[in-house]
Protein chains: 2
Amino acid sequence: MLQGHINQPAFSLEVIILKMVNNAIFVYLQPESTTEKLILPSTHINVSVDKNVDAAVRRCVFERLSCDASYIEQVKTIGNATRYPQKWMVTSIYFALVFESREPQQDAWYPVSTLSQYSLAYDHLGVINSCLKRLRNKTQYTSMPLHLMPNEFTMTELQLAYECLLDTFLDKKSFRRRMLESGLLLPLARTRRGQNRPAQLYQVKLGHIIHHFSRNMHGSVKEEV
Amino acid sequence: MLQGHINQPAFSLEVIILKMVNNAIFVYLQPESTTEKLILPSTHINVSVDKNVDAAVRRCVFERLSCDASYIEQVKTIGNATRYPQKWMVTSIYFALVFESREPQQDAWYPVSTLSQYSLAYDHLGVINSCLKRLRNKTQYTSMPLHLMPNEFTMTELQLAYECLLDTFLDKKSFRRRMLESGLLLPLARTRRGQNRPAQLYQVKLGHIIHHFSRNMHGSVKEEV
DNA sequence: GCAATAGTGTCTGTCAGACACTATGAC
DNA sequence: GTCATAGTGTCTGACAGACACTATTGC
């Protein structure tokens, strides 16, 4: 294992890679080699390859998924002597949103709603939960969930993404109004056809990073089933 | 200078210490020993003293001001090979809000509005500005400025703090409504007397960290003078 | 009384929530 | 026609902004 200078902490990165498939959020985890417990993908800075920390995070994602993250955000940097045994370690935690349409089958994707059923190493369950909390918070007042969407999507699909993150129902009219008036979406000349009225397809406008709405969105609580 | 392992970046902390005196924000800066340019206070983790990164930040503040920070927040962690010459360095940037009533005279406090007149080392001016931008953003929808206040304060003093951070005028009625309805303030049995009607004194309720309002506050633009 | 600042009453505007409504496709 | 989902019209309620008003002190 890499070690820092004797008097200096080592530095590592951990990435919470999230994707959404069929209105459920999945996180990418891998078994720890010795204990078989699940851990977050992690890497160290490779000073001869990585231009900066963000680049190292994107490398970490690409090495595992062979696809680029739509969005990465630094959540926090934790550093103490106790998180990992016998080592004063500083770790920057990131989340990475990716769009990947493949079904999250037997491989390394776990639905975040059922994480407590698995055995996660260290404090990784807590770290994931605090990041999800942040993502959910930001979903209330930003356009962040746009980064979980495919290239083309309908308004209903976007609304389902928001609803899945917030775990509430949103009103269709309010949601459309908010999104359309934000000017973030580009209506395409195409529609998605089904057994019903065709739905307008949208794209995220070029250059979008994140939009901060001036009011929060709450929605109505989903009933317990 | 402390160095990380040959293949690992070194880790450091930089702290933007802010205080408010007479409705102006001041930042604590110190001259770099060799160039006399101004730099942010900075420290390295001392693995035998610091319990965690936050503790190291508080130590950094205390060593310089002999007082505790009211609030610290990690802004971001920057890491690359170019910010400091010849060294792949990872740095966590924090801001620390302190209340200190002493006049910011000849010593190390600089009004943030005039920083461009001074010569700051490296990218420190940019780092300070991006942190201030964040503080200003959060001032629009959180109770963060409460941490810049003394133990007891009037509603008008609090409003002036918000106005100074946002650089806008706020409506007195809306501001009072928002603050009082938030339930964050404890009215004291005391008033501040002057040449006018005495003003109710308030204290921040115990346990307050930060409150997120459901709408932004904008205010009206201050006229150019 | 006046000056100064504290604090209120109340109207408007904006936007989220609610929810009934219409529109357009497949069949 | 029916069913299904897309999309609209329009009212309400919460809360920020505007601004004129009253209240309480020192002098």
Q. How about B:Val90 and A:Thr77: do any of their side-chain heavy atoms sit closer than 4.5 Å?
A. no
- [ ] Answer yes when A:Asp68 and A:Arg58 have at least one side-chain N-carboxylate O distance shorter than 4.0 Å, and no when they do not.
- [x] no
Any N or O donor-acceptor pair linking the side chain of A:Lys173 to the base of C:dG17 at under 3.5 Å? no
In whole angstroms, the gap separating P of D:dA6 from OH of A:Tyr202 amounts to 11 Å
| request: Respond yes when some side-chain nitrogen or oxygen of B:Arg176 is under 4.0 Å from OP1 or OP2 of C:dG7, and no when none is. | output: yes
Taking the ring centre of each residue, are A:His212 and B:Tyr141 less than 6.0 Å apart?
yes
Testing D:dT5, D:dC15, C:dA18 for proximity to the side chain of B:Ser214, the answer is D:dC15
Side-chain contact check for B:Gln195: nearest option of D:dT24, C:dT24, D:dC27 is D:dC27
Quick note, B:Ser220 side chain, CB onward, closest among C:dG17, D:dA18, D:dA6 is D:dA18
Looking only at C:dA18, D:dA14, D:dT24, the nucleotide nearest the B:Pro198 side chain is D:dT24
Sub-4.5 Å side-chain heavy-atom contact between B:Tyr84 and B:Tyr122: yes
Q) Is any side-chain N or O of B:Arg215 under 3.5 Å from a base N or O of D:dA14, one able to act as donor and the other as acceptor? A) yes
Among C:dC19, C:dT5, D:dA18, the one nearest any side-chain atom of A:Asp171 is C:dC19
Taken to the nearest whole Å, CE/A:Met179 to C1'/D:dA6 is 17 Å
Practice item. Using a heavy-atom cut-off of under 4.0 Å over every strand shown, decide if B:Gln200 touches base, sugar-phosphate, or nothing. Key: sugar-phosphate
| task | Check every strand shown and say whether B:Arg177 touches a base, only sugar-phosphate, or nothing at a heavy-atom separation below 4.0 Å. | result | base
Per the under-4.0 Å heavy-atom filter, residues of residues 135-147 of chain A near DNA chain D come out as none
With the side chain defined as heavy atoms from C-beta on, B:Arg178 is closest, among D:dT5, D:dT8, D:dA16, to D:dA16
Over all strands shown, is A:Thr156 touching base, sugar-phosphate only, or nothing at heavy-atom distances under 4.0 angstrom? sugar-phosphate
Rounded to whole Å, the CE-P distance (A:Met155 to C:dA23) equals 20 Å
Atom CG of A:Leu185 and atom P of D:dG7 are separated, to the nearest Å, by 12 Å
Residue pair B:Lys172/B:Phe175 against DNA chain D: nearer the 5' end by closest nucleotide is B:Phe175
**Report entry** Validation row, ring centre B:Tyr162 to ring centre B:Phe175 under 6.0 Å
**Finding:** yes
note: A:Leu180, atom CG; C:dA16, atom P; distance rounded to Å ~ 12 Å
In whole angstroms, the gap separating C1' of D:dA16 from CG of B:Leu170 amounts to 11 Å
Of B:Ile17, B:Val57, B:Val15, the one forming a side-chain contact (heavy atoms from CB on, under 4.5 Å) with B:Ile72 is B:Val57
Between CZ of B:Arg193 and C1' of D:dT24 the distance, given in whole Å, is 9 Å
- request: Run the salt-bridge test on B:Arg83 and B:Glu14 with the 4.0 Å N-O cut-off and return the result as yes or no.
  value: yes
Ranking D:dT25, D:dA16, C:dA18 by distance to the side chain of B:Ser174, first place goes to D:dA16
| Ion pair check, A:Lys138 and A:Glu73, cut-off under 4.0 Å | yes
note: B:Phe213, atom CZ; D:dA14, atom C1'; distance rounded to Å ~ 15 Å
Checking D:dT8, D:dA23, D:dT25 against the side chain of B:Asn196 (C-beta onward), the nearest is D:dT25
